[in-house]
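Presented below is the structure to which this report refers.
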Amino acid sequence: MKESYFPQEIEKKWQAVWEETKAFKTLDESDKPKYYALSMFPYPSGKLHMGHVRNYTITDVIARFKKANGFNVLHPIGWDSFGLPAENAAMKHNADPETWTDENIAYMTKQLKMLGLSYDWDREVTTCKPDYYKWTQWLFLQLYKKGLVYKKEAAVNWCNECGTVLANEQVIDGKCWRCDNVVEKKYLSQWFIKITEYADVLLEDLDKLLGWGDNVKTMQANWIGKSKGAIFKFPVIDAPSGEEMYVPVYTTRPDTVFGITYLVVAPEYKDIEKLTTAENSQAVEEYRANARKMSEIERLSTDRVKTGVPLGTHCRNPFNGEIFPLWTADYALVEYGTGAVMAVPTHDTRDFDFAKKYELPMKVVIENPENPSDCKDAAYTDPGVLVNSGEFNGMKNEQAKQAITKWAVDKGFGEFKTQYRLRDWLISRQRYWGAPIPVVYCEKCGIQPIPEDQLPVLLPKDVDFKVVGKSPITTSETFKHTTCPVCGGQATRETDTMDTFVCSSWYYLRYADANNSDKCFDRDTVNHWLPVDQYVGGIEHAILHLLYSRFFTKALRDCGLLDFDEPFKNLLTQGMVLKDGAKMSKSKGNTVDPDEIFENYGADTARLFILSDSPPARDFDWSDAGVEGCYKFLNRVWRLISTNADNITLDYKLNFPLEKSNDDLVRTVHIAIKGITNDISNDFQFNTVISKYRELTNAIYDWQGGKCKDGSELSDEDKQVLSFAVVSLMKLMSPVAVHLTEEAWSELGGVGSIHEQDWCAWDENLAKSSSITLVVQINGKVKDKIEVDEGLDQEQMKQVALDSPKIKAQIEGKTVVKTIVVPGKLVNIVVK
RNA sequence: GCUCCAGUGGCGGAAUCGGUAGACGCGUUGGACUUAAAAUCCAAUCGGGAGCAAUCUCGGUGCCAGUUCAAGUCUGGCCUGGAGCACCA
């Protein structure tokens, strides 16, 4: 065995062997229980970054640990390969996005293999390939059949400079990412997925996700934004047309209806013109035109001064008969609730600001009896008791919400209403590089889905990527013109493609049955492998991808394609990789190229370091000194093995009782096995796992230093103990230092791969120390530590403590009030 | 503004149940080996005070209270930083 550690040599060698032998292929059939470990698949942007390295290393260690512990592990990888960067690269060079994507995938695949990841490459999934997007289209059709897909007019982001629609992701601070032009809203007919139909179950089922962090769950809950309230209809008393009209409003504060002093409708409110008097129409029209022009930047500003104009008409409050004016103001949002707000300035901060500015009246209706407020300086929004509210006076406001709504329901102008903030998912993209939406428009038959047996709808090749002002896909004549699948007549194909989030909402299902050419996936196979046991990825997907995937799973279950309702049982959201306290980014120039690390130190060092310094969920600060330290440690481990190669045998045998120092080392090993196993099992605390690798390594060196102090030779028993310690260390390190341990295993004459070996077991008795350190406290402060035999009873422990000279001296002349004994640990003497 | 998360040495962090605060590493300092360097090894390293010294002693986990024999850990109230949402009625 070579004395020095040459990672580059070793790593290349074993990567080739693993690839050749398909060492990490997963079979569906197995007696073992299944375990599905999954990393969020990458976008093939060109090169791996350290965030990828962290993500994939974490999942890889989990997969290997589970495999060693007797699970049949599924650990796949693929590519989220549709999307804008490929198309932009194509536009720039007038090339095919597919070529750009393929090149990136090839390069990044090479890098993943250099990292020594245990993927089953036979299950690789690439979303931009027809054998994948065929099924994305097929799933679209299933949702369409279920009524979960529809088309409607919607406001989209429009860049006048580029003359094209932009995805939300392309709008940065209200501007186009390519030309910096201010983005406008435009109304276009778009495809939507009805995710709102699942709003309630998506919210409720968050409680089932015990293996998810609260941070992600609350983010999703906030995004869904459920609120309970009521809708009240207010009659208009002076509509210019003379017709009978009502303005419905949604409110979460029915208890404040007696304090309404005006009503606001959004500038885009559908009936606004009918609610405006002739005198006011010009001012209203100007205000609305202004609101339309309002850019995203202005809308985003946090402390905008509220503005509005009166419509000139009035409503009657059916609760108390009062008359109040109608206004329009852009703090009312057309897309939320009914698009109209009942304003109670005394008990809502926004209404308060608006009423102050326009000198609208205010009326207190909720009061804290202990500390009444006149609401002259600020709205009172805390709980209280109703006043000035007719028959509801004196009622607590929480009760009044119920009572007042009930009253309105009985009188026929109100209803209980639950409202969500979640909107339907806009999936149309006026883009080339995405899965084509499989429908055609026939002059006679209208919108017609493509029959399933005609899928996939392939992306055309006769495309001009240099076009300005429209999607490149629209330049293909062969694509656009087609025939209607129903009548056979002339038809036009849908040129919109799907949001890439559609493709990534079901890829984890495809891995279970990645090579099925007849079906999207086999129902039984998917039921077997899913849900994913451990999903690992960045927190940036906390809402979008994870919410969409949860929705897809539920919707596909309702389509009868699978039989579970949550896709990811446990979720680990890894922290960011920082350098010098800032997120690594090209613009800041603080990136570290994984290739350089592989080249200079090897993948094992990279893997070890990325796991070592911080727990997985926390941000990780990359430091060159830290890499160096990990490299030195691996050298130290290598030296330990290589210099002892002649003394180490793989079929060691320990004959108890052992000599004291040997007994101690064996104990240390058992403690390490227990600690490392628990640290991985509990919370994937890899940072403490690695500190325990170091502790064990240090202990073996120390033991050896003691043995060979005066150049003496190791005894037979010593060699057996050393073998046990070193082989255990190698197995414990094998999920992390995958190449080093494989090489050492093979050099020591191991049969097969170390990655095929069972995990180390520990003996609870051997992991226990024969003596313990008894801590003695006086009034809760540590005063003495005494080595005692394990197994003393409480009375004996107390006696040992009281016999200590130090303790005796300190309690002299004082009264012992109480003595607390914690078995096997500590005695606390309370004195006065 | 609302919601969530975090706050421990010079730094990253450790501390199943409330029970020895600072494991392990980085850095720093000193030493060994060497002609020298690299590599490697050994030792020290929370702060104050006492002692020639082994050692002793006091304080200490963002701040203020509380519960407890005992609080980094539990409760209440703040402060700071980060993240997400944001005129959602």
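All chains are named by letter (A, B, ...) in the order of the sequence lines, taking the proteins before the strands, and each is independently numbered beginning at 1. The analysis underlying the following values was restricted to heavy atoms, covering all of them including side chains, and did not include hydrogens, waters or symmetry mates. Since this is a predicted model, take the numbers as computed values, not measurements.
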Is a side-chain N or O of [X] found less than 3.5 angstrom from the main chain of [Y], in a donor-acceptor match?
X: E628(A); Y: S623(A); value: no
X: T381(A); Y: D348(A); value: no
X: Y601(A); Y: D604(A); value: no

Rounded distance (Å) that lies between atom [atom2] of [N] and atom [atom1] of [X]:
X: H545(A); N: rG84(B); atom1: NE2; atom2: C1'; result: 18 Å
X: L206(A); N: rU3(B); atom1: CG; atom2: C1'; result: 14 Å
X: L578(A); N: rA83(B); atom1: CG; atom2: P; result: 11 Å
X: D621(A); N: rG82(B); atom1: CG; atom2: P; result: 15 Å
X: D330(A); N: rA86(B); atom1: CG; atom2: P; result: 16 Å
X: E540(A); N: rC85(B); atom1: CD; atom2: C1'; result: 17 Å
X: E335(A); N: rA89(B); atom1: CD; atom2: C1'; result: 13 Å
X: I676(A); N: rA14(B); atom1: CD1; atom2: P; result: 16 Å

Review point. Using the glycosidic torsion, which applies to rG47(B): syn (within 90° of 0) or anti (everything else)?
Key: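 Anti.
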**Study point:** Torsion-based syn/anti label for rC17(B), 90° from 0 as limit
**Key:**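 What rC17(B) shows is a syn base, its glycosidic angle lying within 90° of 0.
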Practice item. Taking only the side-chain nitrogens and oxygens of R636(A), find out if one of them lies under 4.0 Å from OP1 or OP2 of rA39(B). Key: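 No, no such contact exists.
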Review point. Would you say K783(A) reaches rC58(B)'s phosphate, i.e. side-chain N/O to OP1/OP2 under 4.0 Å?
Key: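 Yes, K783(A) has a side-chain N/O under 4.0 Å of OP1/OP2 on rC58(B).
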Exercise for review: Could you point out which residue of N317(A), V257(A), D351(A), V264(A) forms a side-chain contact (heavy atoms from CB on, under 4.5 Å) with M342(A)?
Suggested key: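 Single pass found, and it is V257(A).
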Check your understanding: Step by step, would you call Y262(A) with Y358(A) a ring-ring contact (aromatic ring centres under 6.0 Å, His included)?
Key -> CA-CA 11 Å; Y262(A) 64 102; Y358(A) 293 102; 9.0 Å; no
Practice item. Show your working on salt bridge (charged side-chain N to carboxylate O under 4.0 Å, His left out) between D353(A) and K356(A) and close with a plain yes or no. Key: CA-CA 5 Å; D353(A) 292 345; K356(A) 264 264 161 181; over 6 Å; no
State whether [Y] and [X] meet the cation-pi test: NZ (Lys) or CZ (Arg) under 6.0 Å from the six-membered ring centroid, and within 45° of the perpendicular axis.
X: K233(A); Y: F413(A); result: no
X: R421(A); Y: Y336(A); result: no
X: K226(A); Y: Y420(A); result: no
X: R639(A); Y: Y5(A); result: no

When the [atom1] atoms of [N] and [M] are considered, how many whole Å apart are they?
N: rG60(B); M: rG9(B); atom1: P; value: 14 Å
N: rC4(B); M: rG10(B); atom1: C1'; value: 31 Å
N: rC26(B); M: rU16(B); atom1: P; value: 24 Å
N: rG59(B); M: rC78(B); atom1: C1'; value: 24 Å
N: rC63(B); M: rC11(B); atom1: P; value: 15 Å
N: rC2(B); M: rG72(B); atom1: C1'; value: 29 Å
N: rG47(B); M: rU8(B); atom1: C1'; value: 14 Å
N: rC74(B); M: rA15(B); atom1: P; value: 14 Å

Check your understanding: At their closest point, which heavy atom of L422(A) faces which heavy atom of A199(A), and how far apart are they?
Key ->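 Reported closest heavy-atom pair: CD2-CB, 4.0 Å.
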Check your understanding: Looking only at heavy atoms, which two atoms of K217(A) and L206(A) are closest? And how far apart?
Key ->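 Of all heavy-atom pairs spanning K217(A) and L206(A), the closest is CD-O, 3.2 Å.
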Protein N or O to nucleotides 4-11 of chain B N or O, pairs below 3.5 Å:
none

Check your understanding: So, for W425(A) and F501(A), is the gap between ring centers shorter than 6.0 Å?
Key ->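 Distance test on ring centres: not under 6.0 Å, no.
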Check your understanding: When the nearest nucleotide of RNA chain B is assigned to D679(A) and to R639(A) on a heavy-atom basis, which residue is associated with the more 5' position?
Key ->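 Residue closer to the 5' terminus by nearest nucleotide: D679(A).
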**Study point:** Nearest-nucleotide comparison on RNA chain B, the residue closer to the 5′ end among D351(A) and N635(A)
**Key:**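 Counting from the 5' end, the first nearest nucleotide belongs to N635(A).
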Contact class for [X] (heavy atom, under 4.0 Å): base, sugar-phosphate, or nothing?
X: Q810(A); value: sugar-phosphate
X: K417(A); value: nothing
X: A221(A); value: nothing

Picking from [options], which would you name as closest to the side chain of [X]?
X: S227(A); options: rC85(B), rG84(B), rA89(B); value: rA89(B)
X: I543(A); options: rA89(B), rG59(B), rC85(B); value: rC85(B)
X: V830(A); options: rG13(B), rC69(B), rC87(B); value: rC69(B)

Review point. Tell me, for nucleotides 19-33 of chain B in 5' to 3' order, what letter each nucleotide earns: B for a base near a protein heavy atom under 4.0 Å, S for only sugar-phosphate near one, - for neither?
Key: BBS-BSSS-------
Review point. Donor-acceptor pair under 3.5 Å: do we get one between K818(A)'s side chain and the base of rC69(B)?
Key: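 Checked by distance alone, the answer is no.
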Point to revise | Stem segments of RNA chain B by first residue number [Watson-Crick or G-U, under 3.5 Å, at least 3] | key: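 Result, WC/G-U stems under 3.5 Å: B:1-7 with B:79-85, B:10-12 with B:24-26, B:27-32 with B:40-45, B:46-50 with B:55-59, B:62-66 with B:74-78.
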Exercise for review: Take K781(A) and K783(A) through the test side chain to side chain contact (heavy atoms under 4.5 Å, CB included) and record every step on the way to the result.
Suggested key: CA-CA 6 Å; K781(A) 300 207 164 172; K783(A) 294 293 173 187; 4.2 Å; yes
